Student: 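Pasting in a structure now, in structure tokens, and then I'll have a few things to ask.
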Protein chains: 2
Amino acid sequence: MSDRGKPDFPYRQHDHQVCIEECIERAEAACMDHNEHFTENRRAVLELLLAGHRPLGAYEIVEQFDWKNRRPAPAQIYRALAFLESLGLIHRIASRNAYLACNRPGHQKGAIFLVCERCELVAELEGTQMLTAIDNLSASSGFVAHTHLIEVSGLCPACSDTLDFERAET
Amino acid sequence: MSDRGKPDFPYRQHDHQVCIEECIERAEAACMDHNEHFTENRRAVLELLLAGHRPLGAYEIVEQFDWKNRRPAPAQIYRALAFLESLGLIHRIASRNAYLACNRPGHQKGAIFLVCERCELVAELEGTQMLTAIDNLSASSGFVAHTHLIEVSGLCPACSDTLDFERAET
DNA sequence: TTGCAAACACTATAACATAACATTCTACCC
DNA sequence: GGGTAGAATGTTATGTTATAGTGTTTGCAA
């Protein structure tokens, strides 16, 4: 799955089951590295997020989380989200108040997110160079940068094509 | 007030009263241009946001809004915020769920926000070149960009100095 | 002066997130 | 095994941010 990490990865056909399995393995390894437990709760939340290249709101996770035939409390989900985010396994999409499984394992920093306004698919791009440029720009004002948030809203290739087609129809 | 629009503007001493007045004038002009009314409600919200180079949450505005000795309903504030944002007079700082008066009049697009983690001061930088670079990057994946969100979290010059000093003390 | 559209007022509720505290689980030591 | 410290979970409650929906007022033009 060398495709993962490439900018257009989520836009292409791929064996999503493999994609999921790799991310789970990656998560297990990350937990080992940090002497943390990859508990059932955390695994279940990550699996829900891995189901599609779409961000889920915390309460969507609550709803989809089938847990002994009951509903988990929001706090339970938020705890798992905070844990997964601390390990760089997921990202928060601020413009949507939603959470996305990371598909650039090992490169948790320096991401740029392309959020489709129509289908909600999110692509995660490598943006390290961009961030360096931004850091330089802000440093020239004396600002010391710690974390970055870059989200682009627009249309993914498929939705863009669809809309072009619909416009051509009329 | 040619200082406005420069990256380090909010970090420097300036006549803030003039700064406010200019923005109000600018808002009046913008409303004229768009055949909209600069109502009391909208003006009051903008003035609260102009009071400092700090973003305010909608409910902070509700609290500070002295309105015939009553408290306005949140919806009233959100309406004004939506209106002001549609005219580019204010920006939403997504990482803080807060709103900031624009200090780059006439350049409502292409901003980069530097958010101080310590004092909450926000600087608004011209980032058109950066955005172009990001658009090019995303276009190479077939993504059609509409809007951008770039927020950098860190320390403003003053807070950075203060912390350096405190560290040197110990 | 009537009629229309914009803006406002108000109530309620949706949507997102965390605090606080009790309980259970797990790893480790004796 | 039994004790125990820390991590994780379970639970309740509440805090925070944002919008829906509906009726009223206002400004303005025909």
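All chains are named by letter (A, B, ...) in the order of the sequence lines, taking the proteins before the strands, and each is independently numbered beginning at 1. No experiment lies behind these values; they were computed from the predicted model shown.
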Student: Output yes when a side-chain donor or acceptor of H53(A) lies under 3.5 Å from a complementary backbone atom of A123(A), and no otherwise.
Tutor: no

Student: Is there, by distance only and without an angle test, a donor paired with an acceptor across the side chain of R79(B) and the base of dA9(C) below 3.5 Å?
Tutor: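 A donor-acceptor contact between them is present.
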
Student: Just how far, in rounded Å, is P of dC16(C) from CZ of R92(A)?
Tutor: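 Interatomic distance, CZ of R92(A) to P of dC16(C): 10 Å.
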
Student: Would you kindly give the CD-to-P distance between Q76(B) and dT11(C), to the nearest whole Å?
Tutor: 12 Å

Student: Nearest whole angstrom, please: distance from the P of dC8(C) to the CZ of R71(B).
Tutor: 20 Å

Student: Need to verify one output field. Residue with the more 5' nearest nucleotide on DNA chain D, R42(A) or N97(B)?
Tutor: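 Nearest nucleotide further toward 5': that of R42(A).
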
Student: Looking at F83(A), is R42(A) sitting on its ring face, NZ or CZ under 6.0 Å from the six-membered ring centre and within 45 degrees of the normal?
Tutor: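 Yes, a cation-pi geometry.
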
Student: Checking only heavy atoms, does the side chain of Y78(A) share a donor-acceptor pair with the base of dA19(C) at less than 3.5 Å?
Tutor: no

Student: Please state how far atom CD1 in I77(A) lies from atom P in dT18(C), giving the value in whole angstrom units.
Tutor: 14 Å

Student: Hey, mind stepping through H91(B) and E85(B) against side-chain hydrogen bond (donor to acceptor under 3.5 Å, both in side chains) and telling me if it holds?
Tutor: CA-CA 6 Å; H91(B) 302 288; E85(B) 193 174 11; over 6 Å; no

Student: Between atom CD in E40(B) and atom C1' in dG27(D), what is the gap in whole Å?
Tutor: 15 Å

Student: Quick one: CD on E63(A) to CD on E60(A), what's the gap to the nearest 0.5 Å?
Tutor: 7.0 Å

Student: So which one's nearest nucleotide on DNA chain D is more toward 5', H37(B) or A98(B)?
Tutor: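 Residue closer to the 5' terminus by nearest nucleotide: A98(B).
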
Student: Mind checking if Y99(B) touches a base, just sugar-phosphate, or nothing, with heavy atoms under 4.0 Å?
Tutor: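 Sugar-phosphate contact only - Y99(B) comes under 4.0 Å of backbone atoms but never of a base.
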
Student: What is the distance from CD of E36(B) to P of dA5(C), rounded to the nearest Å?
Tutor: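 In whole Å, dA5(C) P lies 15 Å from E36(B) CD.
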
Student: In Å, rounded to the nearest 0.5 Å, how long is the span from CD1 of I134(A) to CZ of F143(A)?
Tutor: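 Output value for this atom pair is 11.5 Å.
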
Student: State whether the distance check finds a donor on one side and an acceptor on the other, under 3.5 Å, for side chain Y59(A) versus base dA17(C).
Tutor: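 Yes, a donor-acceptor pair under 3.5 Å.
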
Student: For R70(A), which contact category applies under a 4.0 Å heavy-atom criterion: base, sugar-phosphate, or nothing?
Tutor: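 R70(A): backbone/sugar contact only, no base atoms under 4.0 Å.
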
Student: Within this structure, what is the CZ-to-C1' distance between F38(B) and dG27(D), rounded to whole angstrom?
Tutor: 18 Å

Student: In terms of side-chain heavy atoms of A73(B), which of dC10(C), dT17(D), dT19(D) is nearest?
Tutor: dC10(C)

Student: CZ of F83(A) versus P of dT18(C): gap in Å, rounded?
Tutor: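 Answer to the nearest Å: 17 Å.
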
